[in-house]
Each structure stands twice: as C-alpha cells, then as structure tokens.
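Note that the coordinates shown come from a computational prediction; the quantities given were computed from them, not determined experimentally.
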Amino acid sequence: MNAGIAIQILPAVSTDEEVVRIVDEVIAYIKSTGLSCYVGPYETVIEGDSIDRLMDIAKECHHVAIRAGAPKVSSYIKVEYKPEGEILSIDKKVTKHHTD
C-alpha cells in the first residue's frame, strides 16, 4: 500500500444519536469498499494503492452523510502518500497496542 487517509466525519445534527447513526452509515460505506480500514473513536483510517481512489472515497463519505440526513457535514482528513514504496500499515502502527 502506498497511500492512507484518516477521515473524521462531523455531521451537523442536533443529537448524539443522530451523529452516531449517520457516522455508522459512513463507516458501513467505507467497509463496503473492501479496502483495509480501522475504525477508531474519532476517525477511520483507510489504506490502499491509489491516492485517487482514497480521495474519491473521502468525497463519497460526505455524500453518504448528506443522504443519511445531515444538512451539512464537515470533516478532518489526513493523507499519507508514498508514490514509490510502501507506507507503514495500520497493523504495523497499532496491532501491538490492541492485544487481548
């Protein structure tokens, strides 16, 4: 993988329940892409081999939130891109911290 993004979707809705419902729909969409992802409490990380595909997914996350009922959505997006080579994977970054 040569690219990764972390995206936090912030739907402008009035209740925590609505935030969770809309974000859950966005997460379901991300999972449906088939790419490796990691859901955290504030953002979801997605990895892939195409920066263009990841940016398209980030854009679609906004559309999903709007279709789910958010009148407005903001986001924070972090991008890591290494066109020649591999980025550190989710597993390499966090697996050691999540052993049970």
Side-chain angles (χ1 to χ4, degrees):
M1 284 160 292
N2 69 0
I5 65 169
I7 184 165
Q8 179 184 27
I9 292 291
L10 303 163
V13 292
S14 59
T15 68
D16 290 344
E17 291 79 15
E18 277 295 282
V19 170
V20 170
R21 183 187 65 76
I22 291 168
V23 170
D24 283 349
E25 290 197 34
V26 172
I27 292 168
Y29 160 69
I30 292 169
K31 288 180 175 181
S32 79
T33 67
L35 294 179
S36 176
C37 67
Y38 177 85
V39 178
Y42 294 101
E43 64 189 12
T44 299
V45 179
I46 314 160
E47 298 174 327
D49 289 323
S50 168
I51 188 70
D52 293 330
R53 181 164 184 218
L54 292 176
M55 297 309 286
D56 287 344
I57 289 169
K59 179 174 70 172
E60 183 61 19
C61 287
H62 292 81
H63 295 299
V64 170
I66 295 295
R67 286 193 302 268
K72 179 178 109 172
V73 63
S74 301
S75 66
Y76 290 99
I77 301 172
K78 301 174 201 170
V79 179
E80 181 177 14
Y81 179 50
K82 188 175 183 181
E84 301 298 324
E86 299 279 319
I87 63 169
L88 281 174
S89 69
I90 293 167
D91 287 341
K92 289 179 183 174
K93 290 177 183 175
V94 301
T95 298
K96 64 186 172 195
H97 301 291
H98 296 281
T99 58
D100 291 18

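By the criterion of side-chain heavy atoms lying less than 4.5 angstrom apart, applied directly or through intervening Ile, Leu, Val, Met, Phe, Trp or Tyr residues, Leu10 is not grouped with Val19; the two fall into different hydrophobic clusters. When hydrophobic clusters are built by joining Ile, Leu, Val, Met, Phe, Trp and Tyr residues whose side-chain heavy atoms come closer than 4.5 Å, directly or via intermediates, Ile46 is grouped together with Val64. Linking Ile, Leu, Val, Met, Phe, Trp and Tyr residues whenever their side-chain heavy atoms come within less than 4.5 Å places Val26 and Leu35 in a single cluster. Both Ile30 and Ile51 are part of a single hydrophobic cluster, where members link through side-chain heavy atoms under 4.5 Å apart. Grouping the Ile, Leu, Val, Met, Phe, Trp and Tyr side chains by contacts below 4.5 angstrom, directly or via other members, places Val79 with Leu54.
Residues Pro11 and Val23 come closest through the heavy atom pair CD-CG2, 4.0 Å. Scanning all heavy atoms of the two residues, the minimum distance from Arg21 to Ala68 falls at NH2-O, 2.6 Å. Heavy-atom minimum distance, Val73 versus Ala65: CG2-CB, 4.0 Å. Residues Cys61 and Ile9 approach most closely at CB-CD1, 3.9 Å, considering heavy atoms. Considering every non-hydrogen atom in both Asn2 and Ser50, the closest pair reads OD1-N, 4.0 Å. The two residues Pro71 and Val13 have their closest heavy-atom pair at CD-CG1, 4.0 Å.
With sequence neighbours left out, the side-chain contact (heavy atoms from CB on, under 4.5 Å) criterion links Lys82 to Ile87. Taking the salt bridge (Lys or Arg N to Asp or Glu O under 4.0 Å) definition, one finds that Lys72 meets it with nothing, sequence neighbours left out. Partners of Tyr38 under the ring pair (Phe, Tyr, Trp, His ring centres under 6.0 Å) rule, at least two apart in sequence or in another chain, are His98.
For Lys31, the NZ atom sits in a loose shell: 12 or fewer heavy atoms of surrounding residues, nucleotides or ligands are nearer than 6.0 Å. Taking a 6.0 Å sphere around OH of Tyr76, one finds it holds 12 or fewer heavy atoms contributed by other residues, nucleotides or ligands.
Put simply, the side chain of Glu47 gets close to the backbone of Ile90: a donor and an acceptor are under 3.5 Å apart. Looking at Thr95, its side chain never comes within 3.5 Å of a backbone N or O of Lys92 through a donor-acceptor pair. The backbone N or O of Met1 lies less than 3.5 Å from a partner atom in the side chain of Glu86, making a donor-acceptor pair.
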* Stepwise, does the side chain to side chain contact (heavy atoms under 4.5 Å, CB included) test hold for Arg53 with Thr33? -> CA-CA 10 Å; Arg53 181 164 184 218; Thr33 67; 3.9 Å; yes

* Do Glu60 and Ile57 pass the side chain to side chain contact (heavy atoms under 4.5 Å, CB included) test, and can you show the C-alpha distance, the side-chain angles, and the key distance before you say yes or no? -> CA-CA 5 Å; Glu60 183 61 19; Ile57 289 169; 5.7 Å; no

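Annotation: side chain of Ile5 is not in contact with side chain of Val45 (no heavy-atom distance under 4.5 Å).
Atoms NE2 and OG, from His62 and Ser74 in turn, are 7.5 Å apart once rounded to the nearest 0.5 Å. Interatomic distance, CD of Glu43 versus CD1 of Ile77, reported as 11.0 Å (0.5 Å rounding).
A salt bridge does not link Arg67 to Glu25: none of the charged nitrogens lies less than 4.0 Å from a carboxylate oxygen.
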